[in-house]
Amino acid sequence: MNINKRVEEGLVSLLGKCNSTTLKTTKQIHAHLYVTGLHTNPFFFGKLLLHCASSISDHALHYSLRLFQHFPNPDTFMYNTLIRSLSHSSTPLTSLQPFIQLLRHPTLFPDSFSFAFALKGIANYGHLNKSGIQLHSQAFRHGFDSHIFVGTTLISMYAECGCYESATKVFEEMPEPNVVAWNAVVTASFRCGDVEGAWGVFQRMPIRNLTSWNVMLAGYVKASELGLARRVFSQMTMRDDVSWSTMIVGFSQGGSFDEAFGFFRELRREGIRPSEVSLTGVLSACAQAGAFEFGKILHGFMEKAGFLCIVSVNNALIDTYSKCGNVDMAKSVFQNMSAAKCVVSWTSMIAALAMHGRGDEAIQVFYEMEESGVRPDGVTFISLLYACSHSGLVQQGCDLFSKMTNLYGIEPAAEHYGCMVDLYGRAARLQEAYEFICQMPIPPNAIIWRTLLGTCSLHGNIELAELVKARLAEMDPNNSSDHVLLSNVYAVAGKWKDVAGIRRTMIEHSMKKTPGWSMIEIDKVIYRFVAGEKPNEVTEEAHDKLREIMLRLRTEEGYAPQVRSVLHDIEEEEKEDSVSKHSEKLAAAFGLAKLPKGRILRIVKNLRVCGDCHTVMKLISKVYQVEIIVRDRSRFHSFKNGFCSCRDYW
DNA sequence: GTAGGGTTAG
C-alpha cells in the first residue's frame with residue numbers, strides 16, 4: 001500500500017511536470033513503474049494508458065499500444081482504456097484494433113464501454129465504411145444496441161458520418177430515449193444541414209434542460225444563422241458559460257466583432273466569471289478585429305485571474321498579439337509560457353513570424369520545435385511554407401515540403417500545394433509554379449489556380465494568366481476576383497480594350513465585388529471605413545485630414561498617384577473612384593488626426609493593400625514620423641521612415 | 001476505476 005502510494009506520488013509528479021505528454025515522458029513513467037515492479041499492475045498500467053491519451057504526439061500512444069501487446073492478462077477495463085485513448089488520437093480508426101482483439105478473446109467480452117468507445121472512434125474518423133456498420137451489427141448481436149449510452153453514441157456516429165437517416169432510425173427504435181438522446185438527434189439534424197428539422201425536434205422534446213438550448217445555439221451558429229441563435233439565446237431563462245462562449249465565438253467567426261465583444265461585456269455585467277473558453281473566444285475576436293488595446297486589457301485580466309497556466313489561453317494570446325501587429329509581444333508570451341508548449345503554440349509562433357515577413361526566424365523556431373520533441377502537423381507546415389513564400393525563401397520552402405512528406409509522413413493537402421504555387425509564383429518562377437500544379441497528385445482546385453493567377457497579375461504574365469483564367473472559367477465561372485485579376489494583367493500591359501471587355505462581362509453577369517474596408521481602433525472604439533460609403537461625420541473628418549496629407553506628400557515628396565497603381569489594386573474598391581478614397585488611406589488619416597503623436601497607427605484591411613496605398617503609407621511614415629502597421633488579407637506591413645517591413649515583396 | 005448531448009487556441 002505504501003509502495004503504491006509512493007508510486008502514485010511519483011506518477012503525479014511526473015504528470016505535473018509534463019501536462020503535455022511526449023514519448024519521452026511516457027518512457028519515463030514506464031521506467032518508473034518497471035523499477036518499482038508495478039509495470040504489470042493493471043491499475044498503474046491503466047494510468048499510463050490514460051496519460052498517453054492526452055499525448056501531444058501519437059508517438060507515445062503507439063508506444064503504449066506496443067506495451068499493451070506484452071501486458072499479461074489485460075482485463076476488459078484495460079482494453080476499454082486503450083480503445084478510448086486511440087479513438088481520441090489523430091488516427092481514430094486504430095481503436096478498432098484492440099476492439100477486434102477483445103471480440104476474439106477466448107474468455108473476455110466487450111461491454112457497453114467497449115462499444116461506445118469504438119463507435120466514437122468511427123465518429124471521430126468521420127466515415128462510416130464497413131467498420132461502422134459491422135460495429136452496429138456486433139452491438140446488436142451482443143445486445144448492446146438498446147443500451148442508452150451505446151444508442152446515443154450510435155446516433156452521433158451516424159450523424160458525424162453524414163448518415164442522417166440511420167441516425168434517426170436508431171433514435172426512433174430506442175425504447176426510452178432520454179434527453180441526451182434527444183439532444184443527439186437535434187445535433188444530427190444540424191450536422192446534416194436540416195436546420196428547420198432541428199427546430200422541429202427541439203419543439204417535440206418532452207424535457208429540455210440547459211444543454212438542449214445550448215445544442216440549438218451551437219447548431220444555429222454552425223449554420224451561420226446568427227439571428228436565430230440570438231433569438232434562442234434571448235429566450236433562455238438560464239445560461240451558463242457554454243451559452244455565452246457559443247455566442248461570442250459564433251459572432252466573432254461570423255465577422256461581427258462588435259457583437260462578440262458585446263456578449264462578453266454583458267457576461268461581465270451579469271457578474272459571471274468567464275472561463276478559459278469564453279476568454280479565448282473574445283481573444284480570437286480581438287485577433288480578427290485587430291483590437292490591440294482590448295487584447296492587452298484581457299491579457300492583464302487573465303494574468304491576475306490565474307489563467308496563464310492554461311495552454312490554450314497562451315496560444316490565443318500569441319495569435320492575438322501577432323494579428324494585432326505586435327509580433328514581439330507574441331514572442332514574449334511564447335517565451336514566458338508556464339504551460340508546456342503544444343503543437344498549436346509552436347505553430348502560432350511560426351505563423352506570427354511568417355505574417356510579419358520574418359521567414360528566417362520562423363524556420364529557426366521550427367528547428368527548436370523539432371528539438372523540443374513536439375511533432376509538427378499539417379498546419380505547422382502550412383505556416384512554414386507561407387513564411388517561405390512571403391520572404392522569398394524558395395529553396396527552403398522546397399526542402400521543408402519534402403521534409404514534411406518524407407520525414408514526417410504528412411500527406412500534403414490542397415493548402416500545401418497552394419503555398420508551393422505561391423512560393424514559386426511570388427518569386428517570379430511562374431513556369432515552375434505552373435508545372436508544379438500539373439504534377440500534383442490530387443486535382444488542383446480553383447483556389448490553387450487563383451493563386452497562380454494572382455502571381456501572374458503580380459508579374460504581368462498575360463499568356464499564362466489567360467490560360468489559367470480559362471481553367472478557372474470552367475470551374476468557377478462567376479468569381480469576380482478572377483475577372484479582376486485578369487483585368488489587372490491587361491491594364492498593366494495597357495490593353496484597355498480587354499480591360500473594358502472584362503468589365504462588360506462582369507456587369508452583364510451582375511457580379512458583385514467584395515467591398516474593401518479598413519478598421520482602426522481609437523480609445524477602444526473600432527472605426528470601420530468602407531470604400532464608397534455614404535459620408536458621415538467620421539468620414540468627413542477623415543477626408544479632410546487626407547486632403548491635407550496628400551497636399552503635403554505632393555509638395556514635400558513629389559508624390560503623384562500612379563495610374564498603374566490604381567490598376568494594380570488586387571481586388572476592387574471602385575476603380576472609377578480615385579485611389580485617394582481607398583479605405584486604408586481614410587483609416588490612416590483618421591488615426592493621424594485622432595491619436596496622440598508618437599502612437600502607432602494600427603490598421604486592419606480585409607483585402608490586399610494596393611500599390612498606391614503602399615507608397616502613400618511609406619511616405620506618411622517618413623513625412624509625419626509615425627509608425628504605421630497595416631494588416632491586409634495576407635500579411636503585415638510595418639511602415640517606418642519611408643520603408644516597409646515587407647521590403648516591397650508582397 | 002471508464003461513458004453518451006453543447007463552447008476553446010494555430
Side-chain angles (χ1 to χ4, degrees), chain A residues 42-44 46-47 49-50 53 75-85 87 111-117 119-120 123 147-157 159 171 177-188 190-191 205 208-222 239-250 252-253 274-284 287 307 310-320 322-323 330 334 339 341-352 354-355 376-384 386:
Chain A
F43 176 75
F44 288 112
K47 284 262 184 204
L49 292 183
L50 272 176
D75 59 7
T76 303
F77 176 75
M78 292 196 59
Y79 272 101
N80 291 349
T81 309
L82 187 63
I83 295 165
R84 187 179 71 147
S85 300
S87 76
D111 58 15
S112 62
F113 292 92
S114 328
F115 277 104
F117 296 147
L119 289 166
K120 187 83 182 167
H147 187 285
I148 187 77
F149 278 50
V150 175
T152 313
T153 318
L154 270 168
I155 295 172
S156 302
M157 176 191 77
F171 176 72
N178 62 11
V179 65
V180 184
W182 277 94
N183 291 344
V185 182
V186 176
T187 299
F190 276 121
R191 182 81 200 144
M205 285 175 75
R208 289 190 295 228
N209 63 14
L210 183 56
T211 302
S212 313
W213 291 84
N214 285 341
V215 166
M216 287 308 291
L217 293 183
Y220 280 142
V221 158
K222 283 188 190 129
R239 293 162 186 157
D240 63 2
D241 191 78
V242 174
S243 332
W244 290 100
S245 305
T246 306
M247 298 308 277
I248 293 168
V249 172
S252 156
Q253 285 176 350
S275 73
E276 82 269 18
V277 178
S278 40
L279 282 167
T280 46
V282 203
L283 275 179
S284 111
F307 279 102
I310 300 170
V311 65
S312 61
V313 169
N314 288 278
N315 299 343
L317 278 171
I318 295 169
D319 190 49
T320 304
S322 96
K323 289 196 177 140
F334 179 74
K341 299 178 180 77
C342 68
V343 60
V344 179
S345 330
W346 287 99
T347 305
S348 307
M349 193 62 234
I350 292 170
M355 271 186 273
D377 64 13
V379 187
T380 315
F381 279 98
I382 289 173
S383 303
L384 274 170
Y386 175 92

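Residue numbers begin at 1 in each chain, while the letters A, B, ... track the order of the sequences. We use all heavy atoms of the structure for the numbers below, so side chains are in, but hydrogens, waters and symmetry mates are not.
- Between A:K120 and B:dG5 there is a side-chain polar atom (N or O) within less than 4.0 angstrom of OP1 or OP2.
- Closest to the A:S112 side chain, of the nucleotides B:dT8, B:dA3, B:dG10, is B:dA3.
- For A:L279 and B:dT8, the CG to P distance is 14 Å, given to the nearest whole Å.
- For a distance-only test at 3.5 Å, the side chain of A:N183 fails to qualify as a donor-acceptor partner of the base of B:dG4.
- Counting distance only, with no hydrogens placed and no angle test, the side-chain atoms of A:D377 and the base atoms of B:dG10 include a donor-acceptor pair under 3.5 Å.
- Going from atom CE of A:M157 over to atom C1' of B:dG5 covers 16 Å, rounded to whole Å.
- Side chain A:S348 to base B:dG10: no donor-acceptor pair is found below 3.5 Å.
- Here the NZ atom belonging to A:K222 is positioned 7.5 Å from the OG1 atom belonging to A:T187, to the nearest 0.5 angstrom.
- Nucleic acid contact for A:N80: base, since at least one base atom lies under 4.0 Å from a heavy atom of the residue.
- You'll find that the side chain of A:D75 is closest to B:dG1, out of B:dG5, B:dG1, B:dA9.
- Every side chain to side chain donor-acceptor pair (under 3.5 Å) that A:T380 has, sequence neighbours left out, goes to A:T347, A:D377.
- In this structure, CE in A:M157 is found 11.0 Å from CD1 in A:I155, a value given to the nearest 0.5 Å.
- Across B:dG10, B:dA9, B:dG5, the shortest atom-to-atom separation from the side chain of A:C342 is found for B:dA9.
- Applying the 3.5 Å distance criterion, the base of B:dG6 shares no donor-acceptor pair with the side chain of A:D241.
- Of the candidates B:dG10, B:dA3, B:dT8, the closest approach to any side-chain atom of A:V343 belongs to B:dG10.
- In the set B:dG6, B:dG10, B:dT8, the nucleotide with an atom closest to the side chain of A:A218 is B:dG6.
- Within the 4.0 angstrom heavy-atom criterion, only backbone atoms of the sugar-phosphate kind lie near A:V249; the bases stay farther away.
- The nearest whole Å value for the distance from the CG atom in A:L317 to the C1' atom in B:dG10 is 14 Å.
- Nearest nucleotide to the A:F77 side chain, out of B:dT2, B:dG6, B:dA9: B:dT2.
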Carefully, step by step, assess A:N214 and A:T211 under the rule side chain to side chain donor-acceptor pair (under 3.5 Å). CA-CA 5 Å; A:N214 285 341; A:T211 302; 5.3 Å; no
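- Looking only at distances, no side-chain donor or acceptor of A:T280 sits under 3.5 Å from a matching main-chain atom of A:A316.
- Within 4.0 Å of A:S383, counting heavy atoms only, lies no atom of the nucleic acid at all.
- With hydrogens and angles ignored, the 3.5 Å screen pairs a side-chain donor or acceptor of A:D241 with a backbone N or O of A:S275.
- Taking 4.0 angstrom as the limit, A:Q253 places none of its side-chain polar atoms (N or O) nearer than this to OP1 or OP2 of B:dT7.
- Atom-to-atom, CG of A:N178 to P of B:dA3 comes out at 17 Å; the value is rounded to the nearest Å.
- Rounded to an integer number of Å, the gap from A:L217 CG to B:dG6 P is 13 Å.
- Legend: residues meeting side chain to side chain donor-acceptor pair (under 3.5 Å) with A:N183, ordered by chain and number and at least two apart, are A:S212.
- Below the 3.5 angstrom threshold, one finds no donor paired with an acceptor across the side chain of A:S345 and the base of B:dA9.
- Between A:R84 atom CZ and B:dA3 atom C1' the separation is 8 Å, expressed in whole Å.
- Side chain of A:S212, nearest nucleotide from B:dT2, B:dG5, B:dT8: B:dG5.
- The separation between A:D111 atom CG and B:dA3 atom P is 12 Å, rounded to whole Å.
- If you check every strand for non-hydrogen atoms under 4.0 Å, A:I148 touches a base.
- Residue A:T211 places its side chain closer to B:dG5 than to any other of B:dG5, B:dT8, B:dG10.
- Between A:K222 and B:dG6 there is no side-chain N or O to OP1 or OP2 distance below 4.0 Å.
- As rounded to whole Å, 10 Å separates atom P of B:dA3 from atom CZ of A:F149.
- Closest approach to the A:T153 side chain among B:dG10, B:dG4, B:dT8 is made by B:dG4 (side chain taken as heavy atoms from C-beta onward).
- Listed candidates were B:dA9, B:dA3, B:dT7. Nearest to the side chain of A:S245 is B:dT7.
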